[in-house]
Amino acid sequence: MPAVRIIPCLDVDGGRVVKGVNFKGLKDVGDPVELAERYGAGGADELTFLDIGASSGNRETLYDVVKKTAEQVFIPLTVGGGVRTADDVDRLLRAGADKASINTAAIARPEVIGEIVDRFGSQVLVLSADVRRGDTASGYEVTTHGGKRGTGLDALEWVREAQERGVGEVLLNSMDADGTKEGFDLELIRDVRPHIAVPLIASGGAGKLEHFAPAVRAGADAVLAASVFHYGTFTIADVKDALRSEGIEVR
């Protein structure tokens with residue numbers, strides 16, 4: 001297994017980093033460029049920016065933030081939220097992003113995955129899947145619009161289809177675990193893992209250092225967290241030390 005990546009996530013709304021619980025009750029936690037610099041210096045392997053408002057009004061702000069961040073931070077930067085077309089990906093890459101993350105637009109029109117991959121390669125495209133337990137064949141449903149809308153789409157079928165269409169990674173966001181700090185959704189990770197061969201990034205629920213190793217053992221290639229880093233609960237170096245102590249290779 002390749003070395004596990006530790007990825008801080010910056011949920012950006014109106015140019016500020018915010019954090020909530022189960023995608024609700026958002027609070028301002030800081031300036032995205034300052035936080036990105038701190039994480040870059042602190043040993044993060046990558047950074048993920050998600051424009052959770054994703055409204056047209058915030059898009060210009062996000063391109064500006066991406067540009068400023070890319071000038072200060074020298075690790076891979078994934079940006080998502082409001083990515084609808086290959087031209088959107090082109091703009092993000094020109095602003096300094098290394099990868100683009102897509103969710104709502106891919107569910108609305110799955111062909112866009114192929115259009116982006118044909119133009120830029122699968123390595124630039126991450127499928128962001130906001131998943132909750134629901135009334136589908138697998139018991140998992142994919143949501144859109146920042147978790148606000150159910151789709152009735154089976155999550156396991158969807159990640160499999162997205163991989164077939166060419167996505168290079170899957171960012172698996174557990175809505176049930178998001179912000180709870182009670183641990184990653186291990187059942188969800190285990191259930192998704194056999195359906196995809198591309199790297200799987202686990203997101204949602206990190207609260208203690210001992211939460212990370214079980215997520216990796218469940219099948220995650222990378223672990224993503226937000227509030228524990230934003231609020232200084234522990235550092236990226238602490239997470240890497242905890243994983244090493246469990247015999248897990250980190251970067």
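Just so it is clear, the model here is predicted, and its values are computed rather than measured.
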Would the distance check show the side chain of [X] and the main-chain N or O of [Y] forming a donor-acceptor pair, the cut-off being under 3.5 Å?
X	Y	answer
R84	G82	yes
H230	C9	yes
Q163	A197	yes
E141	T151	yes
D90	A86	no

Non-neighbouring partners of R119 that pass side chain to side chain donor-acceptor pair (under 3.5 Å), sequence neighbours left out: D87
Residue list, side chain to side chain donor-acceptor pair (under 3.5 Å) with T48, at least two apart or on another chain: none
With Y39, the side chain to side chain contact (heavy atoms under 4.5 Å, CB included) member among I6, L47, T235: L47
NZ/NE/NH1/NH2 to OD/OE distance under 4.0 Å, R16 and D28: yes
ILVMFWY clustering at 4.5 Å (side-chain atoms), partners of I201: I7, V126, L171, L224
Verdict with reasoning, L50 to S101, per side chain to side chain contact (heavy atoms under 4.5 Å, CB included): CA-CA 8 Å; L50 297 177; S101 164; 4.2 Å; yes
Where do [X] and [Y] come nearest, in terms of heavy atoms and distance?
X	Y	result
K181	S227	CE-OG, 3.6 Å
V17	P32	CG2-CA, 3.5 Å
L172	L188	CD2-CG, 3.8 Å
I107	T143	CD1-O, 4.2 Å
A97	L93	O-CD2, 3.3 Å
I236	P8	CD1-CG, 3.7 Å

Could you pull out all residues at least two apart from [X] that satisfy salt bridge (Lys or Arg N to Asp or Glu O under 4.0 Å)?
X	value
D241	R244
D31	none
E46	R5, K99

Nearest-0.5 Å distance that lies between atom [atom1] in [X] and atom [atom2] in [Y]:
X	Y	atom1	atom2	answer
L127	E161	CG	CD	10.0 Å
I113	S122	CD1	OG	11.5 Å
L10	F229	CG	CZ	11.0 Å
T85	R91	OG1	CZ	9.5 Å

Sequence neighbours excluded, every pair satisfying salt bridge (Lys or Arg N to Asp or Glu O under 4.0 Å) that has a member inside residues 212-223: R193-D221, R217-E246
Listed once per pair and sorted, the salt bridge (Lys or Arg N to Asp or Glu O under 4.0 Å) pairs that draw on residues 198-212, sequence neighbours left out: none
Intermediate values then yes/no, side chain to side chain contact (heavy atoms under 4.5 Å, CB included), V131 and M175: CA-CA 6 Å; V131 177; M175 289 183 64; over 6 Å; no
Residues that F184 engages under ring pair (Phe, Tyr, Trp, His ring centres under 6.0 Å), provided they are two or more places apart: F212
For residues 153-160, please give each side-chain donor-acceptor pair under 3.5 Å, one per line with the distance, not counting sequence neighbours.
| residue | atom | partner | partner atom | Å |
| --- | --- | --- | --- | --- |
| D154 | OD1 | S138 | OG | 3.2 |
| D154 | OD1 | L156 | N | 2.9 |
| D154 | OD1 | E157 | N | 3.2 |
| D154 | OD2 | T136 | OG1 | 3.2 |
| D154 | OD2 | A137 | N | 3.3 |
| D154 | OD2 | S138 | N | 2.7 |
| D154 | OD2 | S138 | OG | 2.9 |
| R160 | NH1 | H195 | ND1 | 2.4 |

D178 versus N173, side-chain donor and acceptor atoms under 3.5 Å: no
Donor-acceptor side-chain pairing of S174 and D185 below 3.5 angstrom: yes
Y140 six-ring centre to R133 NZ/CZ under 6.0 Å and within 45° of normal: no
From CA spacing to verdict: side chain to side chain contact (heavy atoms under 4.5 Å, CB included), V89, L92: CA-CA 5 Å; V89 174; L92 285 173; 5.7 Å; no
Would you give me the side-chain donor-acceptor pairs under 3.5 Å for residues 68-78, sequence neighbours excluded?
| residue | atom | partner | partner atom | Å |
| --- | --- | --- | --- | --- |
| K68 | NZ | D64 | OD2 | 3.2 |
| T69 | OG1 | V65 | O | 2.7 |
| E71 | OE2 | K67 | NZ | 3.1 |

Sub-4.5 Å side-chain heavy-atom contact between V29 and V18: no
Counterpart residues, side chain to side chain contact (heavy atoms under 4.5 Å, CB included), relative to E115 (two or more places apart): R109, E111, V112
Candidate pair F120 and L125, rule side chain to side chain contact (heavy atoms under 4.5 Å, CB included), full reasoning: CA-CA 8 Å; F120 304 107; L125 191 60; over 6 Å; no
